[in-house]
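Throughout, a chain's letter reflects where its sequence line sits, starting with A, and its residues are numbered from 1.
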2 protein chains.
Amino acid sequence: MARPKTFDEQQVLTKAIDVFRRKGFDGTSIPELTAELGICRQSLYNAFGDKRGLFLDALEHYGRVEVQAKLDLLDAPGSPIENLRTVIRGWAAMAAQCPGEGCFTITAIVVNRNDAKGLAIVEEHVNRLERGYESNLERALLAGELKPDAKPARMAHSLITSSYGIALLSRLAGSSVRIGDSVAEMLDIVERNAAG
Amino acid sequence: MARPKTFDEQQVLTKAIDVFRRKGFDGTSIPELTAELGICRQSLYNAFGDKRGLFLDALEHYGRVEVQAKLDLLDAPGSPIENLRTVIRGWAAMAAQCPGEGCFTITAIVVNRNDAKGLAIVEEHVNRLERGYESNLERALLAGELKPDAKPARMAHSLITSSYGIALLSRLAGSSVRIGDSVAEMLDIVERNAAG
DNA sequence: TAGATTGTAGAACAATCGTTCTGAAAGAGG
DNA sequence: CCTCTTTCAGAACGATTGTTCTACAATCTA
């Protein structure tokens with residue numbers, strides 16, 4: 001054998017997520033990609049097939065890292081409801097941290113308009129996170145943290161919609177107040193269904 | 001003078017909204033545009049300057065027609081709260097009617113990532129609608145339809161976030177249940193603040 | 001050291017992009 | 001009639017697109 005891989009594929013995918021989120025798919029050219037990823041054309045094509053392949057790989061990597069991080073938070077030991085509150089506040093924090101950028105999922109939803117494979121990956125991310133919310137709420141219900149008549153599925157559906165609404169509108173400059181109130185309302189949904 | 005305009009500019013802009021929403025900005029070529037709009041290259045450039053000019057004009061037209069239609073509904077005579085319920089249900093109806101397309105505002109938010117002028121127009125649309133929600137709720141408050149301690153601004157912020165969350169996620173195939181529950185939750189926010 | 005492999009640098013490719021230009025057909029006013 | 005003006009059809013423009021190809025440097029194993 002010979003020369004080992006000198007670039008870290010995962011690290012390249014992380015950079016790719018950043019670039020695509022910032023400039024979109026069609027808005028990012030190959031020269032821009034090679035410059036920002038720090039690899040040359042040929043390496044890009046060898047590793048990912050083509051431009052769309054790179055995008056799809058980046059999207060899957062996003063699921064393995066960012067989406068999974070939220071799921072881990074929801075599943076962390078301790079009070080399920082307190083974990084949920086942490087995740088909800090995290091959406092506002094993300095919006096405040098990189099305003100105008102927004103989460104990669106949103107770019108992917110719009111960009112993959114006509115790509116069934118890409119849309120399927122995004123949809124799986126959204127559904128996984130939604131099920132994460134739901135199972136978190138079911139555990140809270142079992143633990144007696146929620147009123148017995150609380151409806152985890154419906155709550156999860158509503159929370160997911162608000163979550164991505166926040167992520168979308170965070171791309172607009174003057175959204176901080178709006179996002180703050182939306183997070184407060186999400187926390188209120190949880191509070192209202194809390195026991196005692 | 002001479003030959004009168006043979007194509008209706010407003011009608012062309014309506015078609016342009018459809019095309020751009022379906023294929024995005026970079027994803028739509030000039031030949032596609034001339035085909036779908038039913039006008040030739042030169043007419044397009046004479047009337048709108050260039051491709052981006054057409055997009056911005058279409059975006060403004062969207063504000064004059066679609067956004068304004070929602071505002072008119074909110075301002076219609078009769079019970080403010082009942083009007084608000086109608087508009088909220090309208091978001092679900094829109095999502096059900098053309099699933100996978102989503103409202104033009106969302107395309108514009110993602111597509112205008114790096115175009116300040118375009119982003120400003122979109123932001124104005126979102127803000128106008130939000131103020132429409134808010135003034136509707138203030139009128140409801142004055143009319144005694146809301147509890148005295150209801151907070152129109154916060155309610156409006158939260159409702160806008162959910163509205164666009166719905167519009168975004170409606171692009172995913174399996175979102176109908178999720179959207180239904182989200183609308184129910186939005187109606188619940190209104191209900192919970194309604195006067196006894 | 002020899003050879004295989006993995007990377008880089010950059011030329012070259014056909015295709016398509018947005019845009020402009022040319023020339024002519026069509027209808028309204030003088 | 002003639003003269004504008006609007007629109008059309010389509011050629012042409014340079015620039016850029018995604019992709020492939022060629023040549024070469026680097027680093028591992030045998």
Side-chain angles (χ1 to χ4, degrees), chain A residues 1-59 107-108 110-118, chain B residues 1-59 107-108 110-118:
Chain A
M1 290 302 163
R3 189 181 188 180
K5 276 188 172 300
T6 61
F7 68 85
D8 180 0
E9 193 163 311
Q10 309 256 321
Q11 196 174 325
V12 166
L13 288 177
T14 301
K15 290 182 188 170
I17 291 173
D18 263 14
V19 186
F20 280 134
R21 169 170 50 192
R22 218 160 352 101
K23 311 188 179 185
F25 182 77
D26 294 305
T28 310
S29 68
I30 303 286
E32 281 176 311
L33 280 172
T34 57
E36 301 240 27
L37 306 191
I39 62 176
C40 72
R41 276 172 147 84
Q42 199 67 289
S43 301
L44 190 157
Y45 280 92
N46 285 341
F48 308 106
D50 59 6
K51 190 185 174 186
R52 178 154 293 273
L54 170 62
F55 186 89
L56 294 179
D57 282 1
L59 188 52
T107 299
V110 175
V111 156
N112 282 295
R113 210 173 310 98
N114 295 316
D115 183 281
K117 193 171 176 183
Chain B
M1 288 300 163
R3 189 179 189 181
K5 276 188 172 299
T6 62
F7 68 84
D8 180 0
E9 195 164 309
Q10 308 257 319
Q11 195 174 326
V12 166
L13 287 177
T14 301
K15 290 182 188 170
I17 291 174
D18 263 15
V19 185
F20 280 132
R21 169 169 54 191
R22 222 167 340 108
K23 311 192 179 182
F25 182 77
D26 293 306
T28 310
S29 68
I30 302 286
E32 281 176 312
L33 279 172
T34 58
E36 299 240 28
L37 306 192
I39 62 176
C40 73
R41 277 173 148 83
Q42 198 67 304
S43 302
L44 191 157
Y45 280 91
N46 285 341
F48 307 106
D50 59 7
K51 191 185 176 187
R52 178 154 293 273
L54 169 63
F55 185 89
L56 294 179
D57 282 1
L59 189 52
T107 300
V110 176
V111 155
N112 283 293
R113 210 175 307 97
N114 295 316
D115 183 280
K117 193 171 175 183

[X] [atom1] to [N] [atom2]: how many Å, rounded?
X: A:D8; N: C:dG7; atom1: CG; atom2: C1'; result: 15 Å
X: A:F55; N: D:dG18; atom1: CZ; atom2: C1'; result: 16 Å
X: A:L37; N: C:dA9; atom1: CG; atom2: P; result: 14 Å
X: A:E9; N: C:dG7; atom1: CD; atom2: C1'; result: 14 Å
X: B:E32; N: C:dT16; atom1: CD; atom2: C1'; result: 11 Å
X: A:I39; N: D:dT19; atom1: CD1; atom2: P; result: 13 Å
X: A:I30; N: C:dT16; atom1: CD1; atom2: C1'; result: 15 Å
X: A:R52; N: D:dT19; atom1: CZ; atom2: P; result: 10 Å

Any base atoms under 4.0 Å from [X], or only sugar-phosphate, or nothing? Heavy atoms, all strands.
X: B:G53; answer: nothing
X: A:D50; answer: sugar-phosphate
X: A:G27; answer: nothing

A:F20 side chain reached by A:L59 side chain, heavy atoms, under 4.5 Å: no
First of B:Q42 and B:T28 reached from the 5' end of DNA chain C, by closest nucleotide: B:T28
Selection from [options] that lies nearest to any side-chain heavy atom of [X]:
X: A:C40; options: C:dT8, D:dA9, D:dT19; result: C:dT8
X: B:Y45; options: C:dT19, D:dG18, C:dT8; result: C:dT19
X: A:F7; options: C:dG7, D:dC8, D:dG18; result: C:dG7
X: B:S43; options: C:dT20, D:dT7, D:dT20; result: D:dT7

Intermediate values then yes/no, side-chain contact (heavy atoms from CB on, under 4.5 Å), A:V12 and A:E9: CA-CA 5 Å; A:V12 166; A:E9 193 163 311; 5.6 Å; no
Option from B:E36, B:R22, B:K23 for which side-chain contact (heavy atoms from CB on, under 4.5 Å) with B:T28 holds: B:K23
Gap between atom CG of B:D8 and atom NZ of B:K15 - 0.5 Å precision: 9.5 Å
Interatomic distance, B:F48 atom CZ to B:S43 atom OG [nearest 0.5 angstrom]: 9.5 Å
Under-3.5 Å donor-acceptor pair between B:R41 side chain and C:dT19 base: yes
Any B:S29 side-chain nitrogen or oxygen under 4.0 Å from OP1 or OP2 of C:dC17: yes
